[in-house]
Number of protein chains: 2
Amino acid sequence: MKTIADIAKIAGVAKSTVSRYLNGGSVSEETKKKIELVIEETGYSPNAFAQSLKAKKTNIIGTIIPRLDSYATSRTLMGIDERLRELNYHMLVSNTDQDLTREIENIYTLAKQKVAGIILLATEVTDAHLKAFQEIDIPVLLVGQQHDNVYSLVHDDETAGYAIGKYIAQRGHKKIAFLGVSEYDVAVGLKRKKGFAQAVSEHAVDVEARFFETTFSMSDAAERAGQLFDEFSPSAVVCATDNLAIGAMKAAYQKKLHVPTDVSITGFGGYEVTAMMNPSLTTVHIHFTEAGHTAASHIAKLVKGEDVPKLTYSRFDLILRESVDIRTDHLL
Amino acid sequence: MKTIADIAKIAGVAKSTVSRYLNGGSVSEETKKKIELVIEETGYSPNAFAQSLKAKKTNIIGTIIPRLDSYATSRTLMGIDERLRELNYHMLVSNTDQDLTREIENIYTLAKQKVAGIILLATEVTDAHLKAFQEIDIPVLLVGQQHDNVYSLVHDDETAGYAIGKYIAQRGHKKIAFLGVSEYDVAVGLKRKKGFAQAVSEHAVDVEARFFETTFSMSDAAERAGQLFDEFSPSAVVCATDNLAIGAMKAAYQKKLHVPTDVSITGFGGYEVTAMMNPSLTTVHIHFTEAGHTAASHIAKLVKGEDVPKLTYSRFDLILRESVDIRTDHLL
DNA sequence: GCTGGTTAAGGAACCGGTTCCACAAAAGAA
DNA sequence: TTCTTTTGTGGAACCGGTTCCTTAACCAGC
C-alpha cells in the first residue's frame with residue numbers, strides 16, 4: 001500500500017504539496033497534473049486513520065437502535081444507509097435490545113470511537129441521555145421521539161393517531177378499543193393514543209372508548225386482544241402498531257369473530273405484510289425510509305456545522321383497506 | 001481529552017511504560033499501581049485511531065447485506081451484533097440493495113476502512129468476489145452461501161428442503177407446486193428446491209411436482225401464485241421463503257381456495273408473523289440469530305488468526321402448524 | 001531598479017499511540 | 001566475588017497523514 005510520502009517522492013514534490021493537492025490548497029496546474037498522474041497509476045488512497053488522528057473525527061455515523069427485528073427500524077435504517085452512502089459516510093449500527101442502560105453506554109462508546117455524528121432511534125429520552133449528549137460534544141439527531149434540547153425527527157404520531165381515530169369514529173363505531181403500549185414510549189405509547197382520543201371525542205357522540213396496554217410482541221398482543229374481546233366486545237380495535245394489529249386479528253380469528261363484520265381492526269406503520277393479510281389491514285403508512293433519508297441528510301449537515309430545523313415531521317398516509325366496516329347499529 | 005503522554009507525565013513515567021502497562025508488557029508491581037491510579041482518576045481511554053494507525057487494523061467488523069427489509073437479515077444481524085459486542089468489536093453495516101456491483105465495491109471500501117474482518121450475507125459468489133477476497137487480505141466469512149475457497153456458514157438449505165418435501169409427500173399430496181426464486185441465489189433458489197425435489201422423488205409415487213419462479217417480494221409471489229393456481233391447481237404449494245408463502249396465502253384467499261382443505265401451503269424461514277396467520281403457517285424455522293452468533297464468533301477467531309471449520313451448518317426445525325392438510329383422494 | 005504583494009512549494013512539527021533499542025539495576029550462575 | 005542473564009524503564013523512531021511557517025519566484029506599481 002502506497003503512502004502519501006511515496007506519491008510525493010515519485011511525483012518529485014513534497015508530501016505537503018500532495019496533501020494540499022488532495023485537500024484543495026493552492027497547487028500550480030503543472031504540479032497538479034504530475035500528482036494526478038501518479039495517483040492514478042498507483043491507485044493511491046489516503047489512510048483513513050492517519051486522517052482521523054489529525055482531524056479527531058471519522059466519516060462514520062453511529063446509529064443506535066432499540067431493536068433490529070422491527071419493520072420500522074429496518075426501513076429507517078435502509079433510508080439512513082442509502083443517503084449516508086451518497087454523502088460519503090458509513091453507518092455503524094449498535095443494537096441496544098431495548099435496554100436503556102446500554103443505550104447510554106453506546107452513546108459514550110460511539111463518542112470514544114469518534115464517530116462524526118449519532119442518530120438515535122429513541123423510545124425515551126431521560127436525563128441520562130441529555131447528560132450524555134452534552135458531554136460527548138458530537139451532533140446527535142433523535143428519530144421517533146422529540147425533545148426540545150435535541151434535534152429531532154418525529155413521525156407526527158399524534159396527527160396520525162388523530163387521523164385514524166377520526167376515520168373510525170366517522171364509520172359509526174361506538175365501542176372502540178385502543179390497544180397500545182406503555183406510555184414510556186412517548187411517540188408510540190402516548191402520542192398515538194392521545195391523537196386517537198382527541199379525534200374520537202371530537203368526531204363522535206355516545207362513544208365508549210377503552211384503552212388497553214400490551215408489549216410490542218405479536219403474541220402478547222394476541223393474548224391481550226383475546227381478553228379484551230371478552231371483557232369489552234368492541235366493534236373496532238385501533239392498534240398502536242401493525243404488529244399489535246396482526247396479533248389482534250389472530251385473536252379475533254381464534255374467538256371466531258369475523259373481521260370486519262364482527263369487529264374492525266386497524267394498524268399503524270404500513271408494514272408490507274398488512275397488504276397480504278386476510279382481510280387486508282387498514283393502517284397508517286409511515287414513510288420510514290423517507291424519514292431515514294431525512295435523518296441522514298440532517299445529521300450530515302449538523303456534522304458540517306450547518307443548521308437544520310430543530311424539529312422535523314415525517315409524512316404519513318392513511319391506507320384504507322378491508323379490515324374496517326361501517327357500523328349503522330346505532331341508527332336502527 | 002487526556003493522552004498517553006499526559007498519563008505518563010502525571011504518573012512520572014515514560015509513555016512507553018504506560019503503553020506497556022496497557023498492553024501487558026513487563027512493568028513492576030509498583031509502577032503498575034501508580035499508572036492504574038492515574039488512569040482511574042483521569043478516566044483515560046486510548047485513542048482508537050492512533051492505535052489503528054500503527055496496528056493497521058480496527059476493531060470493527062464490516063457486515064455486507066443484500067437488503068435490510070428482510071426477516072432473515074434482521075435476525076442474523078441481531079445475532080452478529082450481540083456476539084460482536086461481547087467480543088468487543090463493532091458492527092459496520094453496508095446495505096447493497098441486492099446490487100452485485102455494489103457488493104464488490106463494498107468489499108473494497110470496507111478493506112480501505114481497515115475493518116478487521118468482513119461478514120458477507122451473500123446471495124451469490126462470483127469470480128469478482130473471489131478476486132476481491134484475495135486482494136484485500138482480510139478475513140472474510142460467507143453467511144448463507146457456500147464456496148470452497150472461503151469460510152462459510154450455511155443454513156443447510158438442502159436438508160431443510162428435503163425435510164419439508166418429505167413431510168408434504170408423506171401427507172399424500174400428489175400435485176405439488178414449488179414456488180421458488182432464481183437459481184442465482186444458490187441457497188434459496190437452488191438448494192431448497194433440490195432438497196425438496198429429492199425428497200418428493202424418494203417418498204412418493206405418482207407425484208406431479210411443478211416448479212415456479214418469482215422474486216422475493218410478497219406481492220410478486222401473490223401474483224405468481226394466483227396464476228399457478230389457475231394453470232396447475234395443486235393440492236400443495238411449497239414456498240422457498242415465508243414471504244412467498246404469505247403471498248401464496250393471499251392468492252389462495254383471492255381465488256376463494258380454502259387453506260388447508262383446498263390447498264396446503266408451507267413456508268421457509270420461521271418468521272414470527274407465520275404463527276399469527278390464519279391459518280398459521282407450517283414452515284421450516286431457521287435459527288438466524290443463532291447463526292449470527294456463530295458467524296460473529298467465527299470471524300473474531302479468524303481475525304485473531306485462530307482456525308475455524310471451513311464450512312459450518314446452522315440448525316433448523318420443522319414447525320408443523322395448520323396450513324397443511326392430509327390428502328387421501330388418491331386412496332379412494 | 002527597488003519595494004511590496006501574491007502564489008507555489010518545501011521543511012518540520014504534530015496528532016497519539018506502539019515498538020525497538022539501549023542501558024541500568026537486580027538476580028542468578030560460576 | 002565476578003560474570004552473565006533477566007527485568008524494568010526511558011528515549012527515540014515510526015505509523016501516514018495535515019498544517020503552520022519559511023522561503024523563493026514572479027509580477028506590478030512607483
Side-chain angles (χ1 to χ4, degrees), chain A residues 1-39 42-60 88 109 111-116 137-138 303-304, chain B residues 1-39 42-60 88 109 111-116 137-138 303-304:
Chain A
M1 201 81 259
K2 293 259 178 288
T3 74
I4 199 171
D6 297 330
I7 304 303
K9 204 189 295 172
I10 301 176
V13 299
K15 35 182 244 181
S16 48
T17 307
V18 179
S19 176
R20 238 175 289 123
Y21 164 81
L22 291 168
N23 298 294
S26 77
V27 182
S28 71
E29 277 309 314
E30 199 185 348
T31 0
K32 256 182 200 163
K33 286 261 160 55
K34 278 194 292 186
I35 299 176
E36 193 175 352
L37 196 71
V38 176
I39 290 184
T42 54
Y44 165 78
S45 96
N47 178 316
F49 305 136
Q51 292 183 311
S52 303
L53 178 56
K54 192 77 192 187
K56 298 170 187 292
K57 199 204 264 184
T58 56
N59 66 339
I60 295 178
N88 239 310
T109 314
K112 229 187 78 182
Q113 293 262 328
K114 303 276 192 302
V115 296
D137 193 35
I138 288 177
V303 165
K304 288 187 209 130
Chain B
M1 200 83 254
K2 293 258 177 286
T3 73
I4 199 171
D6 298 329
I7 305 303
K9 204 189 295 172
I10 300 175
V13 299
K15 30 181 249 182
S16 48
T17 306
V18 179
S19 175
R20 240 176 286 124
Y21 164 82
L22 291 167
N23 298 294
S26 79
V27 182
S28 71
E29 277 308 316
E30 198 185 349
T31 357
K32 256 184 201 161
K33 286 262 161 54
K34 276 194 292 184
I35 299 177
E36 194 174 353
L37 196 71
V38 176
I39 290 185
T42 55
Y44 166 77
S45 97
N47 178 317
F49 305 136
Q51 291 183 313
S52 303
L53 178 57
K54 193 77 191 184
K56 296 169 189 295
K57 200 204 261 179
T58 56
N59 66 338
I60 295 178
N88 239 310
T109 313
K112 229 188 77 183
Q113 293 262 328
K114 303 277 191 304
V115 298
D137 193 35
I138 288 177
V303 165
K304 288 187 209 132

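So that the names make sense, note that chain A is the first sequence line, chain B the second, and so on, each numbered from 1. Since the model is a prediction, treat every value here as computed from it, not as a measurement.
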Footprint string (nucleotides 12-28 of chain D, 5' to 3'): B base within contact, S backbone only, - free, heavy atoms under 4.0 Å: --BBBBBB---------

Atom-to-atom span, CD of A:Glu30 to P of C:dT7 - whole angstrom: 18 Å

Atom NZ of B:Lys9: over 12 foreign heavy atoms under 6.0 Å: no

Test side chain to side chain contact (heavy atoms under 4.5 Å, CB included) applied to A:Leu22 and A:Ile39, step by step: CA-CA 10 Å; A:Leu22 291 168; A:Ile39 290 184; 3.9 Å; yes

d(NZ, B:Lys9; C1', D:dG10) in whole Å: 16 Å

Touch class at under 4.0 angstrom, heavy-atom based, for B:Ser26 against every strand present: base

Residue pair B:Arg20 / B:Thr17, side-chain heavy-atom distance below 4.5 Å: yes

Distance test, side-chain N/O of B:Thr31 to OP1/OP2 of D:dG8, below 4.0 Å: no

For B:Thr58, all residues meeting side-chain hydrogen bond (donor to acceptor under 3.5 Å, both in side chains), sequence neighbours excluded: none

Touch class at under 4.0 angstrom, heavy-atom based, for A:Ser52 against every strand present: nothing

Test side-chain contact (heavy atoms from CB on, under 4.5 Å) applied to A:Ala111 - qualifying residues, sequence neighbours left out: A:Ile136, A:Ile138

Atom NZ of B:Lys114 with >12 non-hydrogen neighbours under 6.0 angstrom: yes

Between the first and last five pairs of the helix from C:dG1-D:dC30 to C:dA30-D:dT1, the angle of the axes, rounded to 10 degrees: 50°

Exercise answer: donor-acceptor pairs, residues 25-33 of chain A side-chain atoms, under 3.5 Å, sequence neighbours excluded:
from: A:Ser28; atom 1: OG; to: A:Thr31; atom 2: N; distance (Å): 3.3
from: A:Ser28; atom 1: OG; to: A:Thr31; atom 2: OG1; distance (Å): 2.3
from: A:Thr31; atom 1: OG1; to: A:Ser28; atom 2: O; distance (Å): 3.3

Listed partners of B:Ser19 passing side-chain hydrogen bond (donor to acceptor under 3.5 Å, both in side chains), at least two apart: B:Asn23

